[in-house]
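Below, all heavy atoms of this structure are taken into account, side chains as well, without hydrogens, waters or symmetry copies. Order of the sequence lines fixes the chain letters, A, B, ..., with proteins taken first and strands second; residue numbering starts at 1 for each chain.
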Amino acid sequence: MFALLHRLIILCRKELLAILKDPSSRVVLIMPVFMQSFLFGYAATYDLNNAPYAVLDQSRSAVSTELIAKLDSGGVFHRVASLTSEQEIAQVINSGEALLVLRFGPTFADELQAGGVADLQVILDARNSNSAGSAAAYIGAVVNAFNQDWSRRHGGSGPALTIESRAWYNPNLETRWYFMPSMIASLAFLQTLMLTALSVAREREQGTFDQLLVTPMSPTEIMIGKVVPPIMIGLVQSTIVMMVTMHWFEVPMAGSFVTLYMGLVFFLISSVGMGLAISALSANMQQAMLYAFMLIMPLMLLSGLATPVRNMPEPIQILTYANPMRFAIDLIQRVYLEGVGIATVWYDLVPLSVIAMLTLPWAAWLFRHRLV
Amino acid sequence: MSSASAAVRIEGVHKRFVDKESGRTIVALRDIHLAIPRGTLCAFVGPDGSGKTTLLRLMAGLLRVDAGTIDMLGVDVRRDPQQIQDRISYMPQRFGLYEDLSVQENLDLYADLHGVAAEARVQRYQRLMDITGLARFTNRPAGKLSGGMKQKLGLACTLVRSPELLLLDEPTVGVDPLSRVELWEIVEQLRRDEQLTVIISTAYLDEAQRCAQVYVMHEGEVLAHGTPESLSQHACGRCFTASGDSRAPGRILQSQLLDAVDMVIDAVPLGGAVRFVLNEATAPDAAPLHAILKGARIEAEAPRLEDGFMVLMRAKLQHAAAEPRSAVPRLAARASPAPDPLAAGGAMIEVRDLVRKFDDFVAVNSTSFAVSRGEIFGLLGPNGAGKTTTFRMLCGLLPATSGFLQVAGVNLRTARADARRRIGYVSQKFSLYGNLSVLENLEFFGGAYGLRGKRLRERIDTVLEQFELRGLERTPSGHLPGGFKQRLGMAVGLLHEPDILFLDEPTSGTDPLARREFWRRITSLADTGVTIIITTHFLEEAEYCDRILIQDAGELKALGTPRDVWVQAGHSATSSLNMERAFIDIVQQSRQAEILRNAEVAHGA
Amino acid sequence: MAHEVPAMPNRARRHHSPQAVLLRLVALTRKEVRQLLRDKSILAIGLLLPVMLMLLFGYGLSLDVRNAPIAVVMEDASPAAMDAIVGLQLSPFLSPVMLTTMHEAEALMLAREVDGIVRVPGDFSRAMAAGEASIQVIVHGTEASRASIILNYLTATLAQQGIRRVDRSGLDNTSGIGSVDVESRLWFNEANTSTWYLVPGLIVLIITLVGAFLTALVMAREWERGTFEALFVSPVRPVEILLAKIIPYFCVGIIGLTMCLVTATFLFAVPIQGSLPILLFASVLYLLVALGIGLLISSVTRNQFMASQVSLLASLLPVFMLSGFMFDLRNVPAVINIIGHLLPATHFMSLIKSLMLAGNVWPQIILECSILAAYAALFIGLARMVTRKRLD
């Protein structure tokens with residue numbers, strides 16, 4: 001037993017040394033994690049922020065000025081142009097200079113004063129459907145507030161109905177709060193899979209695998225030696241992302257670290273299993289790399305990282321059940337933001353274990369039978 | 001000779017490299033001057049790291065000189081490397097074939113790139129295919145060829161056109177003797193027919209002997225140059241053979257001679273006797289020498305290039321070290337006295353009717369043999385004969401298709417892991433972790449074999465001492481020069497004191513000096529009772545073996561002591577041995593028999 | 001010694017002739033094509049992955065919310081209360097679940113079976129009469145983008161219902177006081193589906209994939225396998241080596257582009273409002289940029305693993321994150337925006353979205369095409385500069 005443990009320790013030590021001794025691979029393991037954490041933290045946002053807009057105010061009235069002032073002061077919009085003719089609308093929208101144009105018709109103020117319904121035309125650039133949707137909703141809210149205010153000022157009864165809204169777990173509904181915890185799992189996934197996929201292929205290519213196989217170590221031991229170090233590296237990477245999330249972007253951590261790390265370990269084991277299976281199937285490093293990439297792309301896209309799984313059509317949602325990252329992201333989001341315990345998220349561990357239990361023995365079998 | 005007639009003129013060339021990791025500057029070439037006349041065959045010889053490859057790359061315009069000029073075919077290489085590359089052919093040490101292209105496609109590519117006319121190709125291909133024996137593999141992807149076959153294909157790609165000058169960097173490493181002879185025939189014919197200038201770097205001194213000019217290089221400098229004859233004269237009057245008891249392996253006397261470092265410069269078993277070179281101070285009738293030779297018959301011999309080379313190298317090394325060469329550290333004999341190799345009972349390796357097929361291709365066909373404890377057993381055969389397949393099956397790296405196979409009493413493929421503790425394995429290619437240091441590699445493999453704590457320390461100390469790796473513990477093993485890598489490979493293979501050591505072409509591409517050291521270690525290991533299985537392409541090395549096995553096309557062709565094999569090849573039992581001759585005869589006889597058999601079958605049908 | 005005299009340069013000069021150059025180029029290109037066709041992994045990335053991505057983006061990925069489950073807690077079962085939430089049941093975006101206690105709703109929310117809660121309090125009808133009714137809306141905020149869309153739907157639907165109620169309760173209420181009505185017009189994507197905006201971006205991604213990621217491996221592979229050393233000492237010119245690498249991958253890129261355009265048009269009905277030739281021209285320019293980047297990375301790193309990592313970080317990831325593919329660059333901090341605009345992909349991204357959805361916007365076409373052409377020249381030029389027939 002002790003001898004076995006000793007062999008496993010020296011195997012893992014060798015593996016870590018081989019990875020970490022190379023300065024370029026050290027850079028590749030650490031740099032991208034920081035780069036991507038910051039990039040995702042800052043760039044990955046579906047929230048409007050200083051969205052450029054233009055105004056065509058043909059009514060030139062106090063009310064239109066008041067409405068424009070409300071938009072300008074909200075921080076969401078940023079006025080880039082005041083137009084003078086309708087021809088200019090196409091120009092600013094087409095060029096992408098403005099996300100939307102507000103058009104107050106010549107009779108806007110008169111209709112409003114007369115107690116009628118004044119039309120405010122909003123022309124949105126819907127090339128980016130998400131920005132257009134958010135902007136329309138925001139304008140709607142601003143106008144709604146204006147209407148209530150207007151009605152009160154003119155002796156109306158005030159709103160008959162108020163809507164109190166609240167968002168649980170993410171009070172300002174910031175995209176970042178949702179992205180960063182997802183990155184804790186997905187960034188580590190990328191490189192753990194790549195590292196494992198390459199490790200055996202590299203040993204085959206360099207001839208060191210034969211040297212390993214003639215030692216008294218069994219294929220299972222060799223495999224465990226290949227599995228543990230990438231998991232350790234993955235955990236370090238996850239920790240880095242988590243630190244950036246908690247301390248740089250100040251997204252509050254609501255749950256327990258123990259549950260979070262337990263989920264991560266399960267997840268990393270299943271991704272290492274997939275990496276080993278790729279490794280055993282590939283003839284050389286190039287193939288291992290490309291197959292790993294081939295797998296990473298859809299797994300990332302179907303994980304709920306970029307677009308929520310619940311937005312996907314039903315059949316595709318079923319497809320995501322084969323994706324470990326989907327469950328890892330679910331687990332981490334829930335633990336991190338909602339602060340739930342293992343009693344709630346245990347179901348996420350089931351598919352992760354199943355994936356690990358299928359891929360690891362399969363990879364072990366492939367090793368034994370592909371030594372030719 | 002007019003100055004215009006020089007094909008290559010090198011003046012005051014220096015070349016340095018900066019090691020990226022350590023930032024240290026390494027001097028690769030120092031003040032090289034040489035002139036090679038057109039139409040000659042010229043060789044560079046020297047140990048690993050002497051600068052041969054760098055010099056050839058500079059000539060080919062692949063590197064830039066730091067100082068000095070290289071004039072090739074009247075063109076300054078530094079100024080117009082493209083013109084040189086248009087006009088010469090170059091075969092790098094590691095010819096990078098496109099492994100997913102077939103043999104024919106690789107050849108076509110190089111023919112197209114060199115602009116070989118279609119009509120010229122037909123003849124050329126025919127000739128190259130005949131010589132290299134690649135004709136039956138034209139559609140096979142280059143990656144699926146054996147190591148030696150790849151080397152031949154590389155040479156074929158280089159020779160696909162007639163250049164004005166041919167640069168060959170160790171073209172015959174890993175190529176079997178039969179093909180080596182054939183390849184040299186092409187090169188010489190090209191030189192004769194087309195007045196081609198050929199510059200070759202080689203570790204084989206018998207190849208250098210065929211050249212008009214030989215440059216002996218050492219640590220970036222030209223140590224000596226001249227015709228092979230003039231270089232041989234450095235050993236003039238100091239070469240002898242001692243023939244004694246023809247039943248005992250020559251290596252015993254040879255190792256005793258080699259250990260007499262203050263008298264003997266070099267000794268090799270040859271032709272059933274031992275050939276040795278004395279240093280200047282020692283007369284052949286000196287008393288201490290006779291104590292070793294014990295009445296063996298001594299005859300003076302004419303010096304060969306190899307003798308001259310060894311004299312030059314030893315002088316240089318002693319000069320550099322300012323102290324006499326030490327004998328290779330002797331291994332402490334095991335507690336049990338070394339048994340007499342052949343008499344000791346119990347086969348360490350037993351193989352009966354071993355067969356290995358890849359799809360329908362029979363790589364090894366019903367082969368049977370046994371190896372006893374303490375024996376040095378050589379596996380020999382031309383490229384693609386099935387040596388490596390047999391070797392890998394013995395080590396448990398490849399399952400046998402059928403047959404019985406036992407190593408140290410078990411089949412390593414199926415045996416419990418513990419059985420593998422009894423074998424050591426040194427592969428042909430360097431196969432340790434390149435970015436781990438020497439010590440880390442030793443610690444890892446020691447641990448893999450279950451050594452730990454004080455025992456591991458002791459063993460590491462011992463092998464570091466034994467393989468002269470002291471002071472290099474912290475060097476990344478991938479940065480070691482070739483010879484050191486090989487020693488580290490051996491150190492790892494022997495760390496756990498195995499009963500059986502497997503060595504796959506350990507000496508291919510190494511210079512005579514390193515080979516001598518290597519064999520001295522092997523013979524002393526065998527003395528301590530370790531069984532050695534070795535494959536080699538140097539047939540003179542067969543004489544170090546107790547017994548050898550020759551394979552061709554997967555079949556066992558000869559088995560026995562070197563002298564037995566000499567007799568099996570059809571020579572008289574008392575005539576002087578020539579293993580290369582024996583090998584070529586056996587392989588040719590078997591191939592002719594094959595042709596006859598096929599003809600009969602065809603006739604019968 | 002007559003054999004020394006023949007004019008050797010003549011033999012050398014024949015390697016400069018156009019026929020010789022063409023012969024070598026054909027031979028090298030044929031070699032590349034063979035390698036490409038024989039390597040399943042390259043074909044998988046070059047041809048299979050684009051199709052897979054197209055289908056995933058077209059059918060799977062969406063930022064649009066449909067049928068979001070919502071718990072509606074009716075603590076007041078009066079007709080007035082029922083009337084307030086009737087709009088939720090009619091919305092195609094929401095699917096309400098009727099409950100009676102907040103406790104049940106919170107349990108569903110914790111189990112993440114609903115995306116939000118609408119709570120109509122017990123005193124609703126009484127408060128309504130007093131003109132101070134309120135409805136509570138809670139959304140599950142973990143998936144922020146989905147949550148904010150749902151929140152918008154909920155508030156808009158409930159508010160509309162409120163206004164209609166007020167309308168019905170008596171004309172006099174509205175007679176005196178005017179109100180502003182927002183009339184939105186969505187240009188270029190009337191249904192505002194995310195497919196229309198993701199699919200054109202996908203073309204950028206796929207060209208980057210083939211151009212930069214696959215070619216990043218090809219030079220590095222030759223360095224790693226040592227195949228260059230023998231190739232260099234031949235009449236081959238560095239330009240020929242580069243061209244032979246560019247040609248086959250250019251074709252793979254064009255195949256990928258064609259597949260994308262065909263699926264985009266016929267499967268997902270994404271329009272091509274602008275001119276197709278201009279779209280193809282711009283794509284070719286960007287493909288050349290990507291090939292240049294790939295070859296440059298490959299020649300500099302000379303190592304497949306490093307090359308793949310660098311090209312992932314320097315080309316593929318920025319396309320995802322910084323080019324305006326998924327995330328609008330107008331929403332990010334200024335520094336990130338500037339970095340985004342340094343990327344060639346950003347320029348192609350905005351151009352291709354316009355060409356497909358908006359039409360020919362000439363000033364933009366001219367500007368972005370010249371930027372792309374400049375980048376193509378820059379990267380291919382740099383790749384040419386670092387490709388020397390030297391080992392040091």
If you take all heavy atoms of A/Pro313 and C/Tyr59, which pair is closest and at what distance? CG-O, 2.9 Å
Could you give the distance from CD (A/Gln286) to OG (C/Ser41), rounded to the nearest 0.5 Å? 5.0 Å
Would you give the length of the straight line joining atom CE of C/Met356 to atom CZ of A/Arg127, rounded to the nearest 0.5 angstrom? 13.0 Å
Sort C/Gln364 into side chain, backbone, both or neither according to what part of it lies under 4.5 angstrom from a heavy atom of chain A. side chain
For C/Asp115, is it the side chain, the backbone, both, or neither that has a heavy atom closer than 4.5 Å to a heavy atom of chain A? side chain
Any sub-3.5 Å donor-acceptor pair from A/Arg334's side-chain atoms to C/Leu110's backbone N or O? yes
If one checks every heavy atom of C/Met52 against chain A at 4.5 Å, the contacting part turns out to be side chain
Side-chain heavy atoms of A/Trp168 within contact of C/Glu106, under 4.5 Å: yes
Side chain, backbone, both or neither of A/Ala90 within contact of chain C (heavy atoms, under 4.5 Å): both
A/Tyr336 versus chain C, the contacting section by heavy-atom distance below 4.5 Å: neither
How many angstroms lie between atom CZ of C/Arg66 and atom CE of A/Met312, to the nearest 0.5 angstrom? 14.5 Å
Heavy-atom pairs under 4.5 Å with chain C - which of A/Asn130, A/Val63, A/Asn50, A/Val27 has more of them than the others? A/Asn130
Run the side-chain donor-acceptor check on residues 287-305 of chain A: report pairs under 3.5 Å with partners two or more places apart or on a different chain.
| residue | atom | partner | partner atom | Å |
| --- | --- | --- | --- | --- |
| A/Gln287 | OE1 | A/Ala283 | N | 3.2 |
| A/Ser303 | OG | A/Met300 | O | 2.7 |
| A/Ser303 | OG | A/Leu305 | N | 3.2 |

Residue C/Asn303 versus chain A: region with a heavy atom under 4.5 Å: neither
Against chain A, label C/Leu351 side chain, backbone, both or neither, depending on which of its atoms sit under 4.5 Å from a heavy atom there. neither
Minimum heavy-atom distance C/Met321-A/Ala44, with the two atoms named: CE-CB, 3.6 Å
Pick from C/Leu357, C/Ile45, C/Leu316: which one has the most heavy-atom pairs with chain A under 4.5 Å? C/Ile45
Engaged part of C/Leu367 at the chain A interface, taking heavy atoms whose separation is under 4.5 Å: neither
How long is the gap from CD on C/Glu143 to OG1 on A/Thr307, to the nearest 0.5 Å? 9.0 Å
Among A/Met285, A/Glu338, A/Glu174, residue most engaged with chain C (heavy-atom pairs, under 4.5 Å): A/Glu338
Check this for me: A/Phe34, atom CZ, are more than 12 non-hydrogen atoms of other residues, nucleotides or ligands nearer than 6.0 Å? no
Is any side-chain heavy atom of A/Ser95 less than 4.5 Å from a side-chain heavy atom of C/Pro363? no
What part of A/Gln91 lies closer than 4.5 angstrom to a heavy atom of chain C: side chain, backbone, both or neither? neither
Turns out that what part of C/Ala111 lies under 4.5 Å from chain A's heavy atoms comes down to backbone
Check each atom of C/Leu56 against the heavy atoms of chain A and say whether the ones under 4.5 Å are side chain, backbone, both or neither. side chain
Count the heavy-atom pairs under 4.5 Å between each of A/Asn170, A/Val122, A/Val101, A/Asn172 and chain C, then report the option with the highest count. A/Val122
Nearest heavy-atom neighbours spanning A/Ser129 and C/Ser194: OG-CA, 3.1 Å
Taking side chain as everything from C-beta outward and backbone as N, CA, C, O, which of these in C/Leu53 sits under 4.5 Å from a heavy atom of chain A? Side chain, backbone, both or neither. side chain
Against chain C, label A/Arg176 side chain, backbone, both or neither, depending on which of its atoms sit under 4.5 Å from a heavy atom there. neither
Residue among C/Gln309, C/Met306, C/His140 with most heavy-atom pairs under 4.5 Å to chain A: C/His140
Sort C/Leu151 into side chain, backbone, both or neither according to what part of it lies under 4.5 angstrom from a heavy atom of chain A. side chain
Do A/Asn311 and C/Arg146 get their side chains close enough for a donor-acceptor pair, meaning under 3.5 Å? yes
Portion of C/Ser308 that has a non-hydrogen atom of chain A nearer than 4.5 angstrom: side chain
Give me the atom names and distance for the closest heavy-atom approach of C/Ser134 to A/Glu164. OG-OE2, 3.3 Å
Measure the spacing between CG of C/Asn152 and OG of A/Ser165 and express it to the nearest 0.5 Å. 9.5 Å
Measure the shortest side-chain to side-chain distance between A/Arg310 and C/Val65 over non-hydrogen atoms and say whether it is less than 4.5 angstrom. no
Of C/Gly201, C/Gly359, C/Ser354, the largest count of non-hydrogen pairs under 4.5 angstrom with chain A goes to C/Ser354
Parallel, tilted or perpendicular: which one describes the rings of C/Phe327 and A/Tyr46, with boundaries at 30° and 60°? tilted
Restricting to non-hydrogen atoms, name the atom on C/Ala147 and the atom on A/Leu173 that form the minimum distance, rounded to 0.1 Å. CB-CD2, 3.4 Å
Region of C/Leu317 in contact with chain A, defined by heavy-atom distances below 4.5 Å: side chain
Under 4.5 Å from a heavy atom of chain A, the part of C/Arg112 involved: both
Count the heavy-atom pairs under 4.5 Å between each of C/Leu214, C/Ile336, C/Leu61 and chain A, then report the option with the highest count. C/Leu61
Less than 4.5 Å to any heavy atom of chain C: does that hold for the side chain of A/Val143, its backbone, both, or neither? side chain
Heavy-atom closest contact (A/Ala43 atom, C/Leu322 atom, distance): CB-CD2, 3.8 Å
Heavy-atom contact with chain A under 4.5 Å, split by part of C/Phe213: side chain
If I take atom OH from residue A/Tyr178 and atom OG from residue C/Ser148, how far apart are they, to the nearest 0.5 angstrom? 11.0 Å
By a 4.5 Å heavy-atom criterion (distance strictly below it), what part of A/Asp47 contacts chain C: side chain, backbone, both, or neither? backbone
Using non-hydrogen atoms only, which part of A/Ile123 is less than 4.5 Å away from chain C: side chain, backbone, both, or neither? both
Name the option with the most non-hydrogen atom pairs under 4.5 Å to chain C; the candidates are A/Leu319, A/Asp330, A/Leu124, A/Ile316. A/Leu124
Where on A/Tyr42 is there a heavy atom nearer than 4.5 Å to chain C: the side chain, the backbone, both, or neither? both
Could you tell me which portion of A/Asp149 (side chain, backbone, both or neither) has an atom closer than 4.5 angstrom to a non-hydrogen atom of chain C? neither
A/Phe40 ring center near C/Phe320 ring center (under 6.0 Å): no
Looking only at heavy atoms and a cut-off of under 4.5 Å, which of A/Leu337, A/Asp125, A/Thr175 has the most pairs with chain C? A/Asp125
Among A/Arg166, A/Gln333, A/Arg103, A/Met31, residue most engaged with chain C (heavy-atom pairs, under 4.5 Å): A/Arg166
Under 4.5 Å from a heavy atom of chain C, the part of A/Leu99 involved: both
